[in-house]
**Student:** 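The structure's right below; bear with me while I get my questions together.
Keep in mind the model is a prediction, meaning the values are calculated, not measured. Atoms considered below: every heavy atom in the structure, side chains included; atoms not considered: hydrogens, waters and symmetry mates.
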Amino acid sequence: QVQLVESGGGLVQAGGSLRLSCADSGRTFSTYAVGWFRQAPGKERKFVAAISWSGDRLYYADSVKGRFTISRDNAKNMVYLQMNSLKPEDTAVYYCAARSGDIDIKKFDYWGQGTQVYVSS
């Protein structure tokens, strides 16, 4: 069973950086596609980035391209989201999600509890 735990959120000034981590204790995490989503107050949850199980395919929302980088270390059962040049509009709760097999942005099956990112202006 997949149990996702996000960490690394916090308060940062605009222009700063944070690295979010998504951990899973399951033995099959390396076979799962993983995505990051975010939800700002009063808004719908939105796709941010995704990575295939092998790490060879990456997808980003237009709003974060060139600023955010998703990566994974399958030996450690970890997926990361490096966030640079942060903007106040990046403020949100960030969620890690996973699904077995190929990436399908609309069909992630497992979700973490989220980690709060707050970017001050």
**Student:** Under the salt bridge (Lys or Arg N to Asp or Glu O under 4.0 Å) rule, what pairs show up with a residue in residues 99-121, not counting sequence neighbours?
**Tutor:** Arg57-Asp102
**Student:** Minimum heavy-atom separation for Leu81 and Ala49, please, with both atom names.
**Tutor:** CD1-CB, 4.1 Å
**Student:** Side chains of Trp36 and Phe68, heavy atoms from C-beta outward: is any pair under 4.5 Å?
**Tutor:** no
**Student:** Under the rule for side chain to side chain donor-acceptor pair (under 3.5 Å), what residues qualify as partners of Asp24, not counting sequence neighbours?
**Tutor:** none
**Student:** How close do Gln82 and Ser17 get, heavy atom to heavy atom, and via which atoms?
**Tutor:** NE2-CB, 3.9 Å
**Student:** Distance check, rounded to the nearest 0.5 Å: Tyr118 atom OH versus Leu11 atom CG?
**Tutor:** 7.5 Å
**Student:** Write out all pairs satisfying disulfide bond (SG atoms under 2.5 Å apart) with one or both partners inside residues 9-121, taking only residues at least two apart or from two chains.
**Tutor:** Cys22-Cys96
**Student:** Would you indicate whether the side-chain heavy atoms of Tyr80 and Asp73 approach each other to under 4.5 Å?
**Tutor:** yes
**Student:** Please tell me whether Val48 and Val12 are part of a single hydrophobic cluster in this structure, the criterion being side-chain heavy atoms less than 4.5 Å apart.
**Tutor:** yes
**Student:** Could you tell me which non-hydrogen atom of Ala98 sits nearest to which non-hydrogen atom of Leu4, and how far apart they are?
**Tutor:** N-CD1, 3.8 Å
**Student:** Sequence neighbours left out, what passes salt bridge (Lys or Arg N to Asp or Glu O under 4.0 Å) with Asp62? Give chain and number order.
**Tutor:** Lys65
**Student:** Is it possible for you to say whether Leu18 and Val119 belong to one hydrophobic cluster, with membership spreading through side-chain heavy-atom contacts below 4.5 Å?
**Tutor:** yes
**Student:** I need the Thr91 OG1 to Gln116 CD distance, nearest 0.5 Å.
**Tutor:** 7.5 Å
**Student:** Partners of Arg72 by side chain to side chain donor-acceptor pair (under 3.5 Å), sequence neighbours excluded?
**Tutor:** Asn74
**Student:** Check Ser121 against Ala14 and note the closest heavy-atom contact, atom names and distance.
**Tutor:** CA-CB, 4.3 Å
**Student:** Between NZ of Lys87 and OG of Ser63, what distance do you get to the nearest 0.5 Å?
**Tutor:** 8.5 Å
**Student:** Within a 6.0 Å radius of atom OH on Tyr59, are there more than 12 heavy atoms belonging to other residues, nucleotides or ligands?
**Tutor:** yes
**Student:** Could you measure the distance from the OG atom of Ser52 to the CG atom of Leu58? Nearest 0.5 Å is fine.
**Tutor:** 7.0 Å
**Student:** Could you report the tightest heavy-atom contact between Trp53 and Gly101, atom names first, then the distance?
**Tutor:** CD1-O, 4.4 Å
**Student:** Is it possible for you to say whether Ile105 and Val79 belong to one hydrophobic cluster, with membership spreading through side-chain heavy-atom contacts below 4.5 Å?
**Tutor:** no
**Student:** In the structure I gave you, are the side-chain heavy atoms of Phe47 and Phe37 within less than 4.5 Å of one another anywhere?
**Tutor:** yes
**Student:** Under a single-linkage definition using a 4.5 Å side-chain heavy-atom cutoff for Ile, Leu, Val, Met, Phe, Trp and Tyr, are Ile103 and Tyr95 assigned to the same hydrophobic cluster?
**Tutor:** yes
**Student:** Treat each ILVMFWY residue as a node, draw an edge where side-chain heavy atoms are under 4.5 Å apart, and state whether Leu20 and Met78 are in one component.
**Tutor:** no
**Student:** With sequence neighbours excluded, give me every salt bridge (Lys or Arg N to Asp or Glu O under 4.0 Å) pair touching residues 30-56.
**Tutor:** Arg38-Asp90
**Student:** Could you state the interatomic distance from OG (Ser30) to NZ (Lys76), rounded to the nearest 0.5 Å?
**Tutor:** 15.0 Å
**Student:** Treating Tyr60 as the side-chain partner and Ile70 as the backbone partner, does any N or O pair qualify as donor plus acceptor under 3.5 Å?
**Tutor:** yes
**Student:** Examine distances only and state if a side-chain atom of Gln113 and a backbone atom of Glu6 form a donor-acceptor pair shorter than 3.5 Å.
**Tutor:** no
